[in-house]
Amino acid sequence: METSSEAAENLVLRLEGFEGPMDLLLDLARAQKVDLAKISILALVEQFLAVIEGARRVRLELAADWLVMAAWLTWLKSRLLVPALADDLEDGEMAAEALAERLREMNVVRTLAAWLAARPVLGQDVFARGAPEDHAEYDRSRILLEAGPFVRAYLMAIRRGTRSTHYAPRPPTLWTVQDALRRLGELVGSLPDWMTLETFLPGHLNNPTERRAALSSTLIASLEMARGGTVRLRQEEAFGPILLRQSGDDADKDA
Amino acid sequence: MSDEPEEKAPPPPRDPDDDALRLAEALIFSSAEPVSPRSLARVLPDDVDADAVLAALRLRYAGRGVELVDAGNGVMFRTALDLAPRLRRVIEVPRRLPRVAMETLAIVAYHQPVTRPEIEHIRGTALSQQTLDLLLELDLIAPKGRREGPGRPTLWGTTPAFLAHFGLKDLRELPRREDLLLETAPPKPSPEAIPADLSTPDAPNDDAG
Amino acid sequence: MSDEPEEKAPPPPRDPDDDALRLAEALIFSSAEPVSPRSLARVLPDDVDADAVLAALRLRYAGRGVELVDAGNGVMFRTALDLAPRLRRVIEVPRRLPRVAMETLAIVAYHQPVTRPEIEHIRGTALSQQTLDLLLELDLIAPKGRREGPGRPTLWGTTPAFLAHFGLKDLRELPRREDLLLETAPPKPSPEAIPADLSTPDAPNDDAG
């Protein structure tokens with residue numbers, strides 16, 4: 001037995017063409033030329049270990065496998081050589097038999113592998129057409145239109161369309177203070193006398209919420225303008241109507 | 001058949017023998033690329049002329065189902081031209097329309113004649129030129145004049161080919177909109193109202209390509 | 001050689017004429033894979049017997065550089081075996097399958113459908129990813145469903161490419177396991193068959209997991 005020096009490239013240990021624990025074991029068992037159950041397991045183990053020691057370049061996982069096998073053999077040996085109990089002896093024999101069976105099976109596998117390898121292998125010994133021609137013509141021009149997907153697509157499009165308008169930001173319908181300021185600025189000059197705040201609301205409000213919001217905006221705007229001196233405000237009683245007019249020359253100051 | 005080139009004295013080129021023909025035949029058959037006379041010469045015995053072998057091989061295959069033809073600076077086997085059509089197998093692989101195209105097509109079908117902005121409005125997103133081109137190329141939609149108005153936008157409608165795809169004689173054979181959109185009233189479609197098989201607005205678009 | 005098939009009346013199966021031979025030749029020659037009798041029958045005229053055509057074609061190519069052989073469920077052309085040494089000089093040949101892969105393949109061939117732990121148990125060593133990848137890449141083995149049971153492990157079996165690879169017509173062409181068992185001269189009275197589960201619970205090498 002020898003380790004191949006060319007094994008360096010793939011780190012495969014070659015022992016006269018063998019690799020792996022079962023091979024090795026098979027070979028060792030064969031060399032003994034006896035029933036595995038009867039051979040000296042000790043001798044087997046010793047040969048086995050010698051091989052491992054001799055193998056300098058063992059692939060790590062291979063070595064691990066071997067170690068496992070060595071451990072098993074050692075266990076086998078202990079059971080066969082030092083049978084403390086009858087059960088143990090039986091265990092040992094059974095284990096030896098199981099091992100023998102596996103070796104036999106492995107031998108079958110190896111024989112078949114060799115048989116296969118000896119056949120003319122495509123791409124190795126015989127060669128197929130190197131530049132095959134494909135006579136198939138793939139026609140992808142046709143379109144698959146089905147009523148189901150078609151109708152689903154329509155519904156999906158419609159839904160998405162309506163959903164997007166639903167989610168669109170609503171146009172601001174509330175009358176802002178800015179709006180009120182602008183409107184007051186425009187209207188106040190044209191009004192000769194006291195007018196209620198409501199007069200200054202825009203005309204298009206039909207919703208009560210919008211109307212109330214516009215009223216408060218207008219009030220704030222009017223206060224703002226009163227502070228600036230543009231208008232004057234007046235309220236006759238608590239919660240009474242608020243009156244407004246442009247600040248004029250006459251100085252009735254009762255705001 | 002001798003595997004070894006004759007290592008003797010007589011160098012006058014031999015006529016290609018059967019061994020040389022077999023080798024050339026096998027090499028050209030198994031090669032993925034055209035075989036040049038030079039590479040053929042590499043496997044032939046030294047005293048055999050590659051060109052002569054190729055000529056003999058060409059003759060042997062003349063009129064057969066497979067013929068030796070020139071390709072690049074070499075030769076290769078190729079199915080005889082007259083047989084190729086008879087060996088041809090057309091495999092139909094129909095495509096599905098992409099989802100966007102399908103939606104656009106459906107909108108055109110139901111709203112025609114319709115302008116591009118209208119399609120975009122209904123789908124709620126922009127319509128790519130690519131999608132429009134695809135439908136045009138497949139002859140599923142076609143321009144149907146222009147709408148009188150600002151910009152005179154093109155109107156789109158479906159084609160007879162569209163009807164043929166669905167095996168319809170008439171657009172009126174399409175499922176009615178009312179049967180699809182059961183709550184034709186304003187937005188908020190209630191899913192319960194749609195027949196189970198149609199009501200998968202959010203389902204993964206299984207009809208996409 | 002006439003290029004045209006006879007377009008007459010005769011319905012009794014004809015002897016394969018040159019036209020049928022050419023067609024079959026072209027079809028099989030142009031394929032790198034075995035051509036099934038069904039595909040062949042599809043291109044042949046209805047009244048021509050495909051088997052007769054194949055027999056005639058096989059005869060025509062006997063002894064040539066390229067031969068017609070059975071492979072899996074069909075036939076294919078392959079280069080003649082005796083030319084291999086010279087073809088290998090110019091054709092790039094992939095490395096032969098490593099022994100581990102060959103053994104794994106042999107196990108799968110005999111025990112299919114078989115799980116990875118079972119393969120590992122028989123070989124007594126772990127199946128490396130490399131080996132699995134190699135066999136899969138060469139399309140020599142393929143998954144064949146899962147075994148019902150704990151973990152539902154994947155089952156492996158050989159492929160049609162496996163048959164073509166080794167020039168087999170059928171898995172039944174493999175030597176019988178029983179014959180191989182006898183051949184290997186069992187050290188003990190041979191058990192009927194190797195039990196599927198050789199469980200040796202205490203055995204530390206039960207690394208199949």
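Letters A, B, ... are given to chains in the order of the sequence lines, protein chains preceding strands, and every chain is numbered from 1.
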**Test item: B:Val93 and A:Asp139 side chains (from C-beta on) under 4.5 Å apart, heavy atoms** = no

**Heavy-atom contact with chain A under 4.5 Å, split by part of B:Ala26** = neither

**Request:** Report, as yes or no, whether the 6.0 Å neighbourhood of atom CD on B:Gln130 holds more than 12 heavy atoms from other residues, nucleotides or ligands.
**Result:** no

**Prompt:** Only one of B:Val66, B:Thr79, B:Leu87 forms a side-chain contact (heavy atoms from CB on, under 4.5 Å) with A:Glu133, so which one is it?
**Reply:** B:Thr79

**Request:** Answer yes or no: is there a side-chain heavy-atom contact under 4.5 Å between A:Ile143 and B:His165?
**Result:** yes

**Message:** Can you confirm whether A:Tyr138 sits close enough to B:Glu92 that some side-chain heavy atom of one is under 4.5 Å from a side-chain heavy atom of the other?
**Reply:** no

**Item:** Non-hydrogen atoms of A:Ala131 and B:Ala32 that approach each other most closely
**Value:** CB-O, 3.7 Å

**Request:** Answer whether the closest heavy-atom distance between the side chains of A:Arg152 and B:Met102 falls below 4.5 Å.
**Result:** no

**Request:** Evaluate the criterion side-chain contact (heavy atoms from CB on, under 4.5 Å) for residue pair B:Arg89 and A:His135; output intermediate values, then yes/no.
**Result:** CA-CA 6 Å; B:Arg89 239 171 348 127; A:His135 298 292; 5.8 Å; no

**Request:** Please check if atom CZ in B:Arg95 has more than 12 non-hydrogen atoms from other residues, nucleotides or ligands closer than 6.0 Å.
**Result:** yes

**B:Gln112, CD: over 12 other non-hydrogen atoms inside 6.0 angstrom** = yes

**Asked** Within a strict 4.5 Å, meaning less than it, do heavy atoms of the A:Tyr154 and B:Tyr110 side chains meet?
**Response** yes

**Item:** Heavy-atom check, side chain of A:Leu144 versus side chain of B:Leu97, under 4.5 Å
**Value:** no

**Message:** Between A:Ala128 and chain B, with a heavy-atom cut-off of 4.5 Å, which part of the residue counts as in contact: side chain, backbone, both or neither?
**Reply:** backbone

**Under 4.5 Å from a heavy atom of chain A, the part of B:Ile28 involved** = neither

**Request:** Using atom types as modelled and distance alone, determine if a side-chain donor or acceptor of A:Arg129 lies under 3.5 Å from a backbone N or O of B:Phe77.
**Result:** yes

**Prompt:** Based on non-hydrogen pairs under 4.5 Å, which of B:Leu105, B:Leu140, B:Val100 is most in contact with chain A?
**Reply:** B:Leu105

